[in-house]
Amino acid sequence: MRDAADPDELARWARAALSLDDMTVKPGYSRIETDIRRGALDDALRRLRELADTHPLDPEPCRRRADLLLKLDRVDDAIRAFREAAGRTEHPDDRAMALFAMTEVMVERRNDLAGAVAALEGFLLEHPESRSRPYVEKRLAALRARRGG
């Protein structure tokens, strides 16, 4: 007979009762934030890439990587990271937000109006019933006006 005070047995019961073995743990960013504060930006970028690879359905590591790449003036890499974040975003409204960030960078930092328009048009084709449609259409109209058509 097992001792009721056995700490391993109590831990197993507690884990089972709380379903801790079935929990998904979100990635932590404290080490990355520390790297950024220390100025170890290459380390932060590497850790964000590792998190993105470890959590392929989570857009957040890609979005954070894009933000950091922008600070380093690595605009093309940031656009790719924003695109990757958008691709990992399950809900169309969240995807639209990621695309807005990406297209803003495309327009303001690369003067790539045509690329931004194409990205948003692609979103509308892929998600015609999205609640974000009016906002995407408004952004598209503004971009088209800037490029003259």
Side-chain angles (χ1 to χ4, degrees), residues 8 11-149:
D8 291 334
R12 279 192 290 280
W13 279 98
R15 290 181 68 82
L18 296 173
S19 301
L20 293 177
D21 292 326
D22 297 329
M23 288 179 63
T24 302
V25 177
K26 286 282 193 183
Y29 293 96
S30 61
R31 289 179 65 189
I32 294 163
E33 291 163 0
T34 299
D35 287 342
I36 292 169
R37 281 192 301 276
R38 288 185 315 123
L41 303 182
D42 288 336
D43 290 341
L45 286 171
R46 181 183 49 75
R47 288 184 205 284
L48 285 165
R49 179 74 264 162
E50 288 170 359
L51 272 180
D53 292 344
T54 304
H55 301 277
L57 301 178
D58 187 357
E60 188 64 13
C62 300
R63 189 200 59 75
R64 287 180 185 228
R65 185 172 166 77
D67 288 341
L68 184 53
L69 288 163
L70 281 176
K71 289 178 184 176
L72 295 170
D73 203 33
R74 292 176 50 187
V75 177
D76 292 334
D77 292 333
I79 290 169
R80 280 189 287 279
F82 277 127
R83 189 178 305 276
E84 184 179 357
R88 292 170 175 228
T89 305
E90 189 174 327
H91 194 277
D93 295 329
D94 295 333
R95 182 170 294 179
M97 296 307 294
L99 287 174
F100 283 161
M102 182 186 81
T103 58
E104 184 72 20
V105 172
M106 292 172 83
V107 171
E108 299 303 325
R109 303 283 293 270
R110 280 290 174 245
N111 197 29
D112 184 6
L113 286 167
V117 166
L120 294 174
E121 287 174 339
F123 172 83
L124 289 178
L125 287 173
E126 188 177 346
H127 304 286
E129 303 299 322
S130 170
R131 293 182 320 184
S132 299
R133 185 176 190 88
Y135 305 106
V136 174
E137 287 175 340
K138 185 176 180 179
R139 178 71 174 144
L140 270 170
L143 292 175
R144 288 179 179 137
R146 278 179 78 167
R147 74 173 191 183

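The structure presented is a predicted model; accordingly, all values stated were derived computationally and were not measured.
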> If you apply the rule salt bridge (charged side-chain N to carboxylate O under 4.0 Å, His left out), what do you find for Arg88 with Asp58, and how did you get there?
CA-CA 6 Å; Arg88 292 170 175 228; Asp58 187 357; over 6 Å; no
> Run the salt bridge (charged side-chain N to carboxylate O under 4.0 Å, His left out) test on Arg31 and Glu50 for me, step by step, so that the C-alpha distance in whole Å, both residues' side-chain angles and the decisive distance to 0.1 Å come before the verdict.
CA-CA 12 Å; Arg31 289 179 65 189; Glu50 288 170 359; over 6 Å; no
> Quick one: list whatever passes salt bridge (Lys or Arg N to Asp or Glu O under 4.0 Å) with Arg133, sequence neighbours left out.
Glu137
> Please identify each residue that fulfils salt bridge (Lys or Arg N to Asp or Glu O under 4.0 Å) with Glu126, with sequence neighbours left out.
Arg95
> Let's go through Glu121 and Arg139 carefully: what are the C-alpha distance in whole Å and the side-chain angles of both, what is the deciding distance for salt bridge (charged side-chain N to carboxylate O under 4.0 Å, His left out) to 0.1 Å, and is it a yes or a no?
CA-CA 10 Å; Glu121 287 174 339; Arg139 178 71 174 144; over 6 Å; no
> Tell me every residue that passes salt bridge (Lys or Arg N to Asp or Glu O under 4.0 Å) with Asp77, counting only those two or more places apart in sequence or in another chain.
Arg74, Arg80
> Between His91 (side chain) and Asp93 (backbone), is there a donor-acceptor pair under 3.5 Å?
yes
> Roughly how far apart are Asp35 CG and Arg46 CZ, rounded to 0.5 Å?
7.5 Å
> Return the CZ to CG distance between Arg109 and Asp76, rounded to the nearest 0.5 Å.
10.5 Å
> Without hydrogens or angle criteria, can the side chains of Asp94 and Thr89 be said to hold a donor-acceptor pair below 3.5 Å?
no
> Can you tell me which residue pairs pass the ring-ring contact (aromatic ring centres under 6.0 Å, His included) test with a partner in residues 95-142, sequence neighbours excluded?
Phe123-His127
> Please round to the nearest 0.5 Å and tell me the distance separating atom OH of Tyr29 and atom CG of Leu51.
5.5 Å
> Taking CG in Asp42 as the centre, count heavy atoms belonging to other residues, nucleotides or ligands within less than 6.0 Å. Is the count above 12?
no
> Which pairs would a plain distance check flag for residues 63-71, meaning a side-chain donor or acceptor within less than 3.5 Å of a matching protein atom at least two apart in sequence or in another chain?
| residue | atom | partner | partner atom | Å |
| --- | --- | --- | --- | --- |
| Arg63 | NE | Glu60 | OE1 | 3.2 |
| Arg63 | NE | Glu60 | OE2 | 3.4 |
| Arg63 | NH1 | Asp67 | OD2 | 2.5 |
| Arg63 | NH2 | Glu60 | OE2 | 2.5 |
| Arg64 | NE | Glu60 | OE2 | 3.0 |
| Arg64 | NH1 | Glu33 | OE2 | 3.3 |
| Arg65 | NH1 | Leu45 | O | 2.8 |

> Between CG of Leu99 and CZ of Arg83, what distance do you get to the nearest 0.5 Å?
8.0 Å
> State which residues pass salt bridge (Lys or Arg N to Asp or Glu O under 4.0 Å) with Asp112; sequence neighbours excluded, sorted by chain then number.
none
> Atom CG of Leu140 and atom CG of Leu124: how far apart are they, to the nearest 0.5 Å?
5.5 Å
